[in-house]
Number of protein chains: 4
Amino acid sequence: MESIQVGNFKFSLDLSKPLYEQVLQHIRQAIARGDVQLGTKLPSVRDLALQLKLNPNTVMRAYQELDRDHLIETRRGQGTFITSDYETVDQVKKALASEAVIAFVSSMEKLGINRLAAETLLKEVVWHEYCD
Amino acid sequence: MESIQVGNFKFSLDLSKPLYEQVLQHIRQAIARGDVQLGTKLPSVRDLALQLKLNPNTVMRAYQELDRDHLIETRRGQGTFITSDYETVDQVKKALASEAVIAFVSSMEKLGINRLAAETLLKEVVWHEYCD
Amino acid sequence: MESIQVGNFKFSLDLSKPLYEQVLQHIRQAIARGDVQLGTKLPSVRDLALQLKLNPNTVMRAYQELDRDHLIETRRGQGTFITSDYETVDQVKKALASEAVIAFVSSMEKLGINRLAAETLLKEVVWHEYCD
Amino acid sequence: MESIQVGNFKFSLDLSKPLYEQVLQHIRQAIARGDVQLGTKLPSVRDLALQLKLNPNTVMRAYQELDRDHLIETRRGQGTFITSDYETVDQVKKALASEAVIAFVSSMEKLGINRLAAETLLKEVVWHEYCD
DNA sequence: GTGGTCTAGACCACA
DNA sequence: GTGGTCTAGACCACT
């Protein structure tokens, strides 16, 4: 799993998920995390595809989906830009966070792990992470 | 999303993921949760397929993947049985739990949400759940 | 994999191969190895099935195949007996041995392992076995 | 038993074992033997199926099992490739070789053939092979 | 009766 | 174009 830096974005792609989805997620997370300034220009589809060694269609699809969520906007002849609307970014961030939380709680329930045990597990992981 | 009860198993299938995987997960979770007794016979491939309105091959694939993880074992001409080895079950349960925890923590990190904020989110969800 | 002693025969059954074949092999090997005296009476089908917790049909099939090779013979109303013909036993033994040798050499060839390397591997295994 | 050449692979299929397993083994052995270069593209599922006169599903199953062992990797929409990781190949090769050796030694023991006699048999076979 | 293999053919997602 | 999933239905081996 190689990691490639393009502008302010860091991409690491593997085969476990669709490539367009991974590209999409990396960009979305960078925006949500605040790693990139709102209103900034994104690399062109062709450029990013070249650097990530991907088919332009793959990058295009990632951009399209981000556009659909209004996280980025394409201006004819000028390129693709990150939205300037903080509200949108915040909403997306909250939605993603909420999704992750729900997925986690749901997993614990499906495995029959109660809240206390789940919290213990969480602490263990956080603890291990600090060891790295 | 209809829910179907077969023996001690409850299945609810949708189209978001491969059917065989959903069947697999339901059975695996039931075993991990301790809902079914170890060593018990599973419904036959044909039987489960009939009740879930699936093709036998789809059910079979779920069974085969569980077999590879040693959570179930197939005895020629007799049927398919849940493993009697508690160790295996426990390991699988721990692996699944750990996977979920790591996915959650990773999501939070990718979104730039720190531990405190993450915990707050978790509590909110639990609170909402009680409302349902 | 539990091991069960019945008369002079030791059976250890698993799920990797057909049960009737495993029963057949255990008996055949015991005869080839000289562990049981020629002309001796075998346990009855019902008896062996009971002790091995198998379906009588399974044991029956094993006996039938051994009968086909004239390694055992069933005498109406008296039971099943190991052949008294040493020639037959010797031929079967040689055939099985030859089969094993050919399988081994074939495997090595298919993996592109030459004779020298194969011999080295063989010695390693034998050496490890002595450690046990 | 006809033999079919496809790219750098030679397939000869019979009815003694599942077809998907034979396909799997031929590819695995070719990789272990070093007959094909690591990182190379395999024939597409449909293509190989066509040439071997098999159903695509049969070929796919062979590919999937090889994928699980990390001997090959499938890249969405692009095709199936032999792993580039020499380590994995080497491990698999060693495992297969070891398996064959153990099977052989075990057979000899079960037949009550001692080491010296086994070595004699081995030499005979090699001798016969040169006659062919 | 059980599971396992195989075929034929449809439909989908991805690049 | 690629692989992945699913169905329908046949046939086989084992118990």
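Numbers restart at 1 for each chain; the letters A, B, ... are given by sequence-line order, proteins then strands.
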From C-beta outward on [X], which listed nucleotide comes closest to its side chain: [options]?
| X | options | answer |
| --- | --- | --- |
| D/S44 | E/dT5, E/dA15, F/dT2 | F/dT2 |
| B/T80 | F/dG3, E/dG3, E/dA15 | E/dG3 |
| D/P18 | F/dT15, E/dC6, F/dG4 | E/dC6 |
| D/T58 | E/dT7, F/dG3, F/dT15 | E/dT7 |

Item checked: Nearest-nucleotide 5' precedence on DNA chain E, B/R75 against D/Q22 ->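 Its nearest nucleotide lies further toward 5', so the answer is B/R75.
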Note to self: By nearest heavy atom, map D/R76 and B/D47 onto DNA chain E; which one lands nearer the 5' end?
What the structure shows: B/D47
Next item on the list: Decide whether D/T88 and D/D85 meet the rule of one side-chain donor and one side-chain acceptor closer than 3.5 Å.
Entry: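 Side-chain D/A pair, D/T88 to D/D85: present.
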Item checked: Sidechain-backbone polar pair: C/R28 side chain, C/V23 backbone, donor-acceptor under 3.5 Å -> no
Next item on the list: Could you check which nucleotide pairs with F/dA8 in any of the strands shown, counting Watson-Crick or G-U wobble with both distances under 3.5 Å?
Entry: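 Answer to the pairing question: E/dT7, which forms a Watson-Crick or G-U pair with F/dA8.
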Item checked: Base-pairing mate for F/dC14 - Watson-Crick or G-U, with both contacts under 3.5 Å -> E/dG1
Check: Which of parallel (below 30°), tilted (30 to 60°) and perpendicular (above 60°) describes D/H26 and D/F11?
Finding: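 The arrangement is perpendicular - the two ring planes meet at more than 60°.
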Could you run down the sub-3.5 Å N/O contacts of the protein with nucleotides 9-11 of chain F?
unit_1: F/dG9; atom_1: O6; unit_2: B/N57; atom_2: ND2; d: 3.1

Note to self: Base, sugar-phosphate or nothing for C/L19? Non-hydrogen atoms, less than 4.0 Å.
What the structure shows: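 Sugar-phosphate, backbone atoms only, no base.
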